[in-house]
Amino acid sequence: MSKTILITGSTDGIGLLTAKMLAADGHTALLHGRSESKLEVAAAEIAGNIETYKADLSSMKDVKAFAAAVMQKHHHIDVLINNAGVFKVPNPQTADGYDMRMIVNTVAPYLLTKLLMPVMTSNSRVVNLSSAAQAPVEHMAFEPNADLGDGEAYAQSKLAITMWSKHMADQLGSDGPSIIAVNPASFLGSKMVKEAYGTQGNDMSIGANILMRAALDDEFADASGRYFDNDRGSFANPHPDALDPTKNAAVVEAIEELLPKLS
């Protein structure tokens, strides 16, 4: 059965490859990017049923407009893949003065997921891109002018998305979509990895294949709240902090307190 699948950050890298594979498999792929020209190029590369949506995930105003545009055209979303992420950026702060990695990698997908809940059911899935790089989340990471290094910010943002994935899954239970955090594999050959580490990286199809499985395969249907580590090729325990309900709730509380301050 054909599914409607939204993939953020799908103009290049793992996101684009995943979109190509999903469209080739007969699914409707909703592409997202922050550049109209890159969206046009990506769309031209994909054979199949696709749509494109432009949004800057460092702006919550854009995230809200993005969700509204999707819901205006679709009354049901089968899968949301929160793939978009940043590591090294020319300016590590958003227009509001917050760390770009924390906003784009953690806060934006949280808000987008919440906004799209009305068009998702208990049969839907949310696949959140985590990472093997996970570091304890400091409250100051959600404060303006946080002094975080690239690796530090990225690792905290990836543990934070893993933590809110678990918290949201626990809160929704069987009434909501399955919410799964996935480490697609370390050092894949994406633009982000090349810029961050100066290496060509491993075959990106490793990551695209696991995102396909997480989106479609039965083994992930009842995996809400779990973490899949593709370096191991199996479900595994994330950083211990993501197994602590109190710490998970604190991260969600920090995000909720931050959202009204963001434009």
Side-chain angles (χ1 to χ4, degrees), residues 3 5-10 12-27 29 78-87 105-106 109 113 123-137 151 154-170 177-244 248:
K3 295 183 179 296
I5 302 174
L6 171 59
I7 313 111
T8 66
S10 44
D12 56 29
I14 301 167
L16 176 57
L17 183 55
T18 303
K20 288 180 178 179
M21 293 167 63
L22 288 167
D25 199 37
H27 304 288
D78 293 290
V79 185
L80 166 62
I81 302 177
N82 284 311
N83 165 74
V86 292
F87 188 113
N105 299 356
T106 302
T113 301
N123 293 320
S124 300
R125 298 183 194 180
V126 178
V127 180
N128 287 332
L129 269 286
S130 183
S131 170
Q134 299 177 17
V137 182
Y154 183 79
Q156 289 196 45
S157 75
K158 288 302 181 181
L159 178 54
I161 193 172
T162 307
M163 294 173 79
W164 78 244
S165 299
K166 173 63 173 164
H167 178 85
M168 191 177 289
D170 288 346
S178 293
I179 302 175
I180 307 141
V182 175
N183 165 30
S186 300
F187 301 109
L188 298 178
S190 65
K191 178 182 176 183
M192 184 170 65
V193 166
K194 292 173 184 176
E195 290 177 346
Y197 300 105
T199 177
Q200 288 301 305
N202 299 319
D203 187 350
M204 286 194 299
S205 66
I206 297 170
N209 283 328
I210 191 57
L211 294 187
M212 283 275 290
R213 285 172 55 195
L216 303 172
D217 286 6
D218 289 343
E219 66 179 306
F220 288 86
D222 299 315
S224 193
R226 300 185 70 185
Y227 168 73
F228 191 93
D229 183 358
N230 205 30
D231 287 328
R232 298 185 183 187
S234 63
F235 288 100
N237 284 332
H239 187 285
D241 283 4
L243 301 175
D244 185 327
N248 291 343

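- Listed by chain and residue number, N183, S186 satisfy the side chain to side chain donor-acceptor pair (under 3.5 Å) test with D231 (two or more places apart in sequence, or in another chain).
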| F220 and S178: CA distance, side-chain angles, deciding distance, side chain to side chain contact (heavy atoms under 4.5 Å, CB included) verdict | CA-CA 8 Å; F220 288 86; S178 293; over 6 Å; no
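- When side chains are defined from C-beta on, W164 counts as touching P109, because their heavy atoms get closer than 4.5 Å.
- With rounding to the nearest 0.5 angstrom, the CG atom of N237 is 10.0 Å from the CG atom of D229.
- Closest heavy-atom contact between I180 and A223: CG1-O, 3.7 Å.
- Residues satisfying the side chain to side chain donor-acceptor pair (under 3.5 Å) test with S124, not counting sequence neighbours, are none.
- Atoms CD and OG1, from Q134 and T162 in turn, are 4.5 Å apart once rounded to the nearest 0.5 Å.
- A heavy-atom distance below 4.5 Å is found between the side chains of N230 and I206.
- At distances below 3.5 Å, not a single donor-acceptor pair connects side-chain atoms of N123 with backbone N or O atoms of P177.
- The side-chain heavy atoms of M163 and P238, taken from C-beta on, include no pair separated by under 4.5 Å.
- Applying the side-chain hydrogen bond (donor to acceptor under 3.5 Å, both in side chains) test to every pair with at least one member in residues 214-224, sequence neighbours left out, gives these pairs: R213-E219.
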| field | Derivation and outcome, side chain to side chain contact (heavy atoms under 4.5 Å, CB included), residues K3 and L22 | value | CA-CA 9 Å; K3 295 183 179 296; L22 288 167; over 6 Å; no
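- Taking both residues in full, the closest heavy atoms of A242 and N248 are given as O-ND2, 3.0 Å, listed atom of the first, atom of the second, then distance.
- With rounding to the nearest 0.5 Å, the separation of CG in L129 from CG in N82 is 8.0 Å.
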| query | Hey, mind stepping through N83 and T18 against side chain to side chain contact (heavy atoms under 4.5 Å, CB included) and telling me if it holds? | reply | CA-CA 10 Å; N83 165 74; T18 303; over 6 Å; no
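- The minimum heavy-atom distance between F87 and G151, with the atom names listed, is CZ-CA, 3.8 Å.
- For the pair V182/I210, a side-chain contact is recorded, criterion being any heavy-atom separation below 4.5 Å from C-beta on.
- Taking all atoms of both residues into account, the shortest heavy-atom contact from A208 to I14 is N-CG2, 3.8 Å.
- When all heavy atoms are compared, the tightest approach of T8 to A84 is OG1-N, 2.9 Å.
- Between the side chain of S10 and the backbone N or O of L16, no donor-acceptor pair lies under 3.5 Å.
- A donor-acceptor pair is defined here as one N or O able to donate and one able to accept, closer than 3.5 Å; such a pair exists between the side chain of N209 and the backbone of S205.
- Note that CD of Q156 is 14.5 Å distant from CD1 of I161, once rounded to the nearest 0.5 Å.
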| message | Evaluate L216 against I5 for side chain to side chain contact (heavy atoms under 4.5 Å, CB included), listing each step before the verdict. | response | CA-CA 10 Å; L216 303 172; I5 302 174; 4.1 Å; yes
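- Between T106 and S157, the closest heavy-atom pair is OG1-O, 2.8 Å.
- Note that CG of L159 is 5.5 Å distant from CG of D241, once rounded to the nearest 0.5 Å.
- Going from atom CD1 of I179 over to atom CZ of R226 covers 15.0 Å, rounded to the nearest 0.5 Å.
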